[in-house]
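Every value quoted in this text rests on a predicted model; they were computed, and no experiment measured them.
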Amino acid sequence: MATLRHYLQFKDLSREEIDHLFERTRWIKDKFKRYEAYHPLHDRTLVMIFEKASTRTRLSFEAGMHQLGGSAIYLNTRDSQLGRGEPVEDAAQVISRMSDVVMIRTFEQEIIERFAANSRVPVINGLTNEYHPCQILADIFTFVEHRGPIQGKTVAWIGDSNNMCNTWLQAAEVLDFNVHVSTPPGYEVEPERAGLYGTDHFEEFADPMDAARGADLVTTDVWTSMGFEAENEARMKAFADWQVDGEMMKVARPNALFMHCLPAHRGEEVAAEVIDGPHSVVWDEAENRLHAQKALLEFLLLGRVKE
């Protein structure tokens with residue numbers, strides 16, 4: 001039985017543990033591509049709790065758990081007692097006695113922290129307003145798969161300083177690479193987050209072209225994240241000059257990659273020529289959510305597995 005561990009932020013794993021996860025992701029993905037069964041989590045149950053809508057998170061966790069030989073149960077807070085005011089702490093006590101691992105996709109990070117504090121099983125952050133560690137785990141694996149180690153490389157984040165941006169900043173500290181961030185005025189990285197992550201791996205740019213210059217990876221996200229729909233009109237105006245287009249990719253390194261966690265809005269945060277062009281690895285990135293999360297589930301439930 002593995003020691004109880006949670007994955008609530010990217011920094012919850014060490015560089016050595018992430019290297020192990022990437023080795024396992026590569027091995028697990030190869031088995032998948034060869035149609036070879038691998039069922040280390042036979043008779044294990046994943047409970048997936050959703051307070052925010054999802055396509056890739058639900059599909060990748062549910063399919064991944066089945067592919068590992070286990071089962072997955074979907075709970076939506078609208079259809080459970082959590083949506084009727086049951087304390088998070090009580091729900092954690094009950095759910096963790098009936099399952100082996102829990103994934104939560106919710107709003108405030110505090111909710112998942114409270115749940116984990118009262119859980120007897122590992123808890124995984126499937127997305128909160130503050131962080132999206134599973135996505136960045138898959139993104140970095142995708143970079144490594146295409147370009148080798150990310151250490152010392154430069155990632156350009158263009159757009160909103162949202163949960164994706166925050167997680168990239170954490171990952172840069174853990175894995176020793178650089179993040180160039182460019183946001184419209186008023187949407188900068190929160191000072192407490194910049195202070196939390198230090199300045200060695202993080203630099204802000206007023207001009208998005210300067211942030212992308214010389215980057216090994218250019219990445220972005222929608223201009224209006226879930227929960228901020230009321231700000232959509234104002235954001236459309238504020239972010240108009242922060243579209244990742246062909247001109248921006250030209251100032252990055254010649255072999256730079258483009259990523260987007262999806263869903264994407266062509267003509268807004270990214271031009272069609274980029275997301276559908278030769279720099280884009282968004283479909284590999286999306287698929288790798290499945291494989292990276294299988295490695296994560298294996299690690300949290302079984303510890304370090306070697307084949």
Handout entry: Shortest non-hydrogen contact between Pro185 and Trp242, atoms and distance
Key = CD-CH2, 4.1 Å
Exercise for the section: Keeping to residues at least two apart or across chains, list the ring pair (Phe, Tyr, Trp, His ring centres under 6.0 Å) pairs with something in residues 265-290. Expected result: none
Handout entry: Min side-chain heavy-atom separation Cys165-Val181 under 4.5 Å
Key = yes
Fill in the blank from the handout: Taken to the nearest 0.5 Å, the spacing of Cys261 SG from Asn162 CG works out to 7.5 Å
Problem - Salt bridge flag under 4.0 Å for residues Lys250 and Glu247 - result: yes
Practice task
Report the distance from atom CE of Met164 to atom CG of Asp139, rounding to the nearest 0.5 Å.
Solution key: 5.0 Å
Fill in the blank from the handout: So CG of Leu127 and CG of Asn163: to nearest 0.5 Å the spacing works out to 5.0 Å
Handout entry: Tyr74/Phe50 aromatic ring centres below 6.0 Å
Key = yes
Handout entry: Exam field: side chain Ser96 to backbone Val121, donor-acceptor pair closer than 3.5 Å
Key = no
Completion exercise
Note: Leu175 and Arg15 closest approach over all heavy atoms is CD2-CG, 3.7 Å
Handout entry: OG-CD distance between Ser119 and Glu89, expressed to the nearest 0.5 angstrom
Key = 12.0 Å
Problem - Other cluster members, Leu290 - Ile/Leu/Val/Met/Phe/Trp/Tyr, side-chain contacts below 4.5 Å - result: Phe32
Problem - Heavy atoms of other groups near Arg114 CZ, more than 12 under 6.0 Å - result: yes
Completion exercise
dist Leu8:CG -> Leu13:CG (nearest 0.5 Å) comes out at 10.0 Å
Handout entry: More than 12 heavy atoms from other groups under 6.0 Å of CD on Glu16
Key = no
Exercise for the section: Could you walk me through whether His201 and Asp176 pass the side chain to side chain contact (heavy atoms under 4.5 Å, CB included) test, one step at a time? Expected result: CA-CA 7 Å; His201 300 87; Asp176 190 24; 2.9 Å; yes
Handout entry: Side-chain heavy-atom pair Gln9, Gln109 within 4.5 angstrom cut-off
Key = yes
Exercise for the section: Begin from the C-alpha positions of Phe10 and Glu173 and carry the test side chain to side chain contact (heavy atoms under 4.5 Å, CB included) through to its verdict. Expected result: CA-CA 10 Å; Phe10 194 92; Glu173 292 292 323; over 6 Å; no
Exercise for the section: Over 60° means perpendicular and under 30° means parallel, so classify the ring planes of Tyr38 and Trp27, tilted if in between. Expected result: perpendicular
Problem - Pro40 and Val305, any side-chain heavy atoms less than 4.5 Å apart - result: no
Handout entry: Check ion pair Lys33-Glu287 (N to O, under 4.0 angstrom)
Key = yes
Practice task
Flag the pair Ile28 / Glu298 as yes when at least one side-chain heavy-atom distance between them is below 4.5 Å, and no otherwise.
Solution key: yes
Exercise for the section: May I ask you to decide if the ring planes of His20 and Phe299 are parallel, tilted or perpendicular, using 30° and 60° as cut-offs? Expected result: tilted
Handout entry: Distance-only polar pair, side chains of Gln293 and Ser60, donor-acceptor under 3.5 Å
Key = yes
